[in-house]
Amino acid sequence: MPYALCHDTSISLDTSFVLYYYINVMEYDFRKIEKKWQDFWKKTDAFKAEDFSSKPKFYVLSEFFGPSGKGIHLGHVKCFTPTEVIARYKRLKGYNVLYPVGWDAFGLPTENSALKENRAPADVTEKNIGIFTNQLTKLGFSFDWSREVSTTDPAYYRWTQWIFLQLFKNGMAYKADGVVSFCPSCKTVLSNEDSQGGICDRCKSAVEQRKRSVWYLRMKDYSEKMLAAISDIDMKPSLKDSQQNWIGKSDGAEVTFQIASDLRGEVDSGQWTADSKADGNLVGSQAQLTPQKLATDHWPLATLKIFTTRPDTLYGVTYMAIAPEHPLIEECADQIANIKEIRAYRNQAAKKTAEARAENKEKTGIRIDGLWAVNPINNAQIPIYVADYVMMGYGTGAIMAVPGHDTRDYEFAKKFGLPIIEVISGGDISKEAYTGDGILVNSPLIDGLHVPEAKKKITAYLEKIGAGIAKTNYKMQDWPFNRQRYWGEPFPIVICDTCGYVAVPESELPLRLPKLSDYSPDESGNGPLSKAVEWVQTTCPKCGKPARRETDTMPNWAGSSWYWLRFLDPHNEKEFVSPEKLMYWGAVDLYTGGTEHVTRHMLYASFWHNFLCDIGAVPHRLPFTRRMCNGLILDDKGKKMGKSSGNAIDPIKIIDQFGADAFRLHILFMGDYEQNTMWSLDGINGCTNFLRRVWNLPEILRDSSEVSKEHERALHLMIKRADTGIISDGQKSYDERGDFKFNTVIASFMEFMNAVRKSGFITREELRQYLIAMNPFIPHITSELYEQVFGGDILKESFPAFDESKLIENAVEIPVQLLGKLKGTITIELDEPQASVEQKALALLGNVTPKKVIYIKSKIINIIA
RNA sequence: GCCCGAGUGGCGGAAUGGCAGACGCAAAGGACUUAAAAUCCUUCGGAGGCAACUCCGUGCCGGUUCGAGUCCGGCCUCGGGCACCA
C-alpha cells in the first residue's frame, strides 16, 4: 500500500519519531478538522438559500442522485465536486446561491435490488438515502439540505401526478395500442430513449418489439419547441448536435402515389422492361399508363403516401418499398397474387430485433405481385416491394425508392435487378449512388435546375396537382410512458366502462402507491398493482359507476422531468411551486451531469418544462440556461467505471485515508472537466503535500504590512486565475470562455505556494486572501486555519479582488527569433521603444543585417535576415 | 457506414498563432540522520559536446504564415455516440 505512508496512526516507533509525527503530521488531523466543520455547517444551516434577496441569485444544480445501496461512486464525485466549488465560489462572490440535493429514487434499480433482498422498495430507498446523506456530508458538499426532496415521497409525487393530469387534460397524454420496445428481462415497455440501439438501458438485454396498450405523451408535438430550447441553452456544440440528431428533423414532401392492380387490367406487367447492359448495370424504361386506363370507374384501388426529403428525384423512382407492417398489404390483400409469401415475410421480420436488423446488412424484401404504384409526375408504373429496411415508425412507413441517388435503394436495386435512373448529374451511378448536389437531368419539369431549386419547384407542382405537400418529419417519437412495474408513480387515472379514461380529481392527489407483499413483474401485460385488488376497485369520478384504476406506473424519468422546479419551493402543499418563487429564481443557471442524459433526461426535461410554460405554470421557456457535461472516469482498461461494471472504487475509503479536502483537490486536479480521465490515485500525494504546506503556513507568517513586488504579483495572478478559471459570468460565448479549468486553477494555487516558499514568508493579508481563494476547493482546512489565525468564519468573507495593474511587470524577458527560430532572450523595459528593442536583439544575434523585423510588443521579436 | 472527440516526456496533464512540456506524480543524486521515514536542495524530452552551445522533437504527409502543438487540406490510430430515419 504505497498510499498509506503518512496517515497510518497504528505505527509504533520510538519517541523522536512520535514527537516529530505529532508536530508535523498529527497536527493536521483532517479527520478531526473535517468533522468539526461539517458539524458546524450543519448546525448553522450555513448553505441555506434565501427565497427573495437583494443579492443576485445563482441556481447551480447537478443531476440528482439515484440512491443505490452501494453508496456514491467516483462518477458522482466527478460530477458534483465542480458544482460544489462553484456554489461556494459564488457565495463568496456575493450571490444568493441555491445548491440543492435530492433523490431520484423510483425505478428499476431500487426495485430490482429490493426484489433480490426480499424487502419493500420503500424501505430499501430509505436506507439508501441514509447512506448517501452520510457520505455526501463527509465530502463537505455545501447543499441546502432544507430543500431535500425525493421523487418517491407522496408529497413530491403528488405533483408529478398533477403534471400528468395537466398533460392528460390538455390532450398531451393518450392511451393507444402500439408497437413498442419491450424488455423481456425487466418485463416492461421501454421508451425509445431507454432502448437506444435496441438495448435495454437498465439491464443491457436486447429489446423486442411488442404490441401493447401504451400511455403516450405527445412529445413529438414539442419537437420545434425542444429544438428552440436546444439552440438557446448554452452548451457544447457537439451536445447540441446529438440532441438535434435525436429529434431528427427533416424537411421534405409527402407524396401520394396511386395504386393500380394487375388483375383488373389497369396495367400490363409485361410492359415493364429492364435492360441489362454489358457492364451489369441496369437501366430501365418505364411503361406509362394511358389516360384511357386511368379513366376506369374503379380507379384507383388505393393510395400510398410516402415521405421523402428528395422530391427532386421523383423522376428517378424505379420501385416503391413499404414496411412489413404497412396496412396497404391487408387493405389490398385480395389483389395480391403472392399474399401468402408476403405474410410469411412479415411474420419473419417481426421476430427480428432491432439489433438483428441492424447487424444483418444484406437487404431483404419481396415483390408484391399484382400491385403497381403510379408516379404522379409522369404516370410511370412502378413495382412495389415489402422490405424490412423501411420502418413503420418513421414517416409513413413507405418510401419511393431512387436507387440512383440513395445508397440503400441502390443496394436493394442491385440485389433485385431493378433499374437505376440518373436524374442528377455529378456522380457515376454505374458505380454507386450519387447523393450530392448537381444539375437535374431526365426530369422534364425541372431539368437544368440545381437540387435546392428543383426541390422547391417540384413540391410546388405536386401541391398544385394535389399529389403532395411540403412536410417536416421527426425521428423522435411520442413517449411511451407506462411501465408494468411496481416502484413508480401510480397513474391518477380511472378506467370506466362508460366514460373511458377519467382523471382522478386533483383534490384526491396524491394517489398513493399501495403496499404490496408481492410486487414482482410478470409477462401478463398487467402491472403488479393489479394485485392490489381493493386499491384497483374504485368508482368513476364522472358517472359514479364502479370502475378500476390504471395499474401501470410511470417510468423513473417522470419524477426527474421537473425536479429542478420543486427545489424552488419544496414544502408547498398548495402548488407544485409558487409563482413568486418561480419569478425570483427563474431558470437553473448551471446544470451539470453526464453525457448519457443528453438524449434522455434533458429532452424529457425540456418537453415538460415547455409544456408547463404553455399552460402558464412556469414563466420562462428554458429550464436551464447553461449545461456542462463532465467526462467519465475510466478504469485502467479505459472502460467506464460504474456500479454495474463491478470495478467501482469506494470514494469513502479514499476520504478515510486522505481526507475530503485532498480527495476533492485530487479529482479536480486530475484533468480537464469535460475530458474522460483514467482513474488513478497516483498524484494524490501531491495534493496531500500541498495541503500540509498550506497547514504549515502560519509558521512562516510575517506580521508585516510591507509588500514585496514578487509576492504581490504572484498573489494577484493567483487570484485572477481563480476568479476567471472557475466560472465566467455567462456573457461570453462558448468558445471564448476559459472557465471550468479547475486543474489549472489548482496549479496556480500551487504556484503561489512555491513563490511564498521561495521567499520564506507570507504576510497576514496574503494568507487571508489565499485562504479565501482556496476555500471553495478545500473548505475544511481553510476554515480551520482562518479561524486559528484570524478568528471567525471564513464563509463571512468575500472573494478577493485582483488588480490588473499589479500584474504588470516593469521589465519583461522576451524571446528573440532569427527567421522564426529561437536564438535567445533579452530583457526589456515595459515601454521600451522598438528601436531600442531591435538594437538589443541584434546585439544578441551578432553579425546579421535585418531585412525585416517583426516586433509584437512585449511578446516577441523576430528578425528576418 | 455516418456524426463527434482525442493523439504532447516514464505518467496525469499545461500552453488568446509568439520561449513546447506550466503544475503535479514517479525516478535519480545530494543534505540532514546512528538508521529509516519525513523534510530540504539539485537533475529530469532525445542526440551530440569538456564546455559555452548545436541539432532534432507535440500521431503521419503536405500547405498557409516572419512564426504552427494551435489554422487549412489529405491520411493513420484510439475513444465515444448514432445506426437502414427515406
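Please read these numbers as outputs of a predicted model, since none were measured by experiment. Numbers restart at 1 for each chain; the letters A, B, ... are given by sequence-line order, proteins then strands.
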Q. Syn or anti for B/G9, taking syn as within 90° of 0?
A. syn
Q: Could you check whether the rings of A/Phe777 and A/Phe749 sit parallel, tilted or perpendicular, using 30° and 60° as the cut-offs?
A: perpendicular
Q. Would A/Asn689 and A/Arg692 count as a side-chain hydrogen bond (donor to acceptor under 3.5 Å, both in side chains) if you check the C-alpha gap in whole Å, the side-chain angles of each, and the deciding distance to 0.1 Å?
A. CA-CA 5 Å; A/Asn689 285 344; A/Arg692 197 168 43 244; 2.8 Å; yes
Q | Sequence-distant partners of A/Phe412, ring-ring contact (aromatic ring centres under 6.0 Å, His included), two or more places apart | A | A/Tyr319, A/Tyr385, A/Tyr389, A/Phe416
**Q.** Partners passing ring-ring contact (aromatic ring centres under 6.0 Å, His included) against A/Tyr673 (at least two apart in sequence or in another chain)
**A.** A/Phe740
Q. Of all residues at least two apart in sequence or in a different chain, which pass the salt bridge (charged side-chain N to carboxylate O under 4.0 Å, His left out) check with A/Asp312?
A. A/Arg310
**Q.** Out of B/G24, B/C82, B/C66, whichever nucleotide has its closest atom nearest the side chain of A/Met750
**A.** B/G24
Q) For RNA chain B, what is the dot-bracket line, given that a base pair needs Watson-Crick (N1 to N3, plus N6-O4 or O6-N4) or G-U wobble (N1-O2 and O6-N3) geometry with both distances under 3.5 Å, and | means paired with another strand? A) (((((((..(((.....[....))).(((((.......))))).((((....))))..(((((..]....))))))))))))....
Where do N or O atoms of nucleotides 69-73 of chain B meet protein N or O atoms at under 3.5 Å, pair by pair?
none

**Q.** Distance, P atom - from B/G29 to B/A68, rounded to whole angstrom
**A.** 40 Å
Q. Mind checking what makes side chain to side chain donor-acceptor pair (under 3.5 Å) contact with A/Lys857, not counting sequence neighbours?
A. A/Asp831
Q: Would you tell me if any nitrogen or oxygen in the side chain of A/Arg721 comes within less than 4.0 Å of OP1 or OP2 on B/A22?
A: no
Q | ring-ring contact (aromatic ring centres under 6.0 Å, His included) involving A/Phe761 - partner list, sequence neighbours excluded | A | A/His711
Q: Sequence neighbours left out, what pairs pass salt bridge (charged side-chain N to carboxylate O under 4.0 Å, His left out) with at least one residue falling in residues 241-255 of chain A?
A: A/Glu224-A/Lys249, A/Glu254-A/Lys471
**Q.** Short side-chain N/O contact to B/A86 OP1/OP2 from A/Ser250, under 4.0 Å
**A.** yes
N/O to N/O distances under 3.5 Å, protein versus nucleotides 14-16 of chain B:
| residue | atom | partner | partner atom | Å |
| --- | --- | --- | --- | --- |
| B/A14 | OP1 | A/Asn743 | ND2 | 3.1 |
| B/U16 | O4 | A/Lys859 | NZ | 2.8 |

Q. Mind checking what makes side-chain contact (heavy atoms from CB on, under 4.5 Å) contact with A/Cys629, not counting sequence neighbours?
A. A/Leu239, A/Thr595, A/Val598, A/Arg627
Q) B/C25 base to A/Asp682 side chain: any donor-acceptor pair below 3.5 Å? A) no
Q: Establish whether the base of B/G5 is bridged to the side chain of A/Gln675 by a donor-acceptor pair shorter than 3.5 Å.
A: no
(Q) Students often get this wrong, so: under 4.0 angstrom with heavy atoms, is A/Gln817 touching a base, only sugar-phosphate, or nothing? (A) base
(Q) Any base atoms under 4.0 Å from A/Ile854, or only sugar-phosphate, or nothing? Heavy atoms, all strands. (A) base
Q | Contacts of type ring-ring contact (aromatic ring centres under 6.0 Å, His included), residue A/Tyr770, not counting sequence neighbours | A | A/Phe752
Q. What are the residues of residues 752-760 of chain A, sorted by number, that bring a heavy atom to within less than 4.0 Å of RNA chain B?
A. A/Asn754, A/Arg757
Q.
Please confirm whether the shortest side-chain N or O distance from A/Asn689 to OP1 or OP2 of B/G24 is below 4.0 Å.
A. no
Q | Under-4.0 Å side-chain N/O to phosphate OP1/OP2 contact, A/Lys821 with B/C56 | A | yes
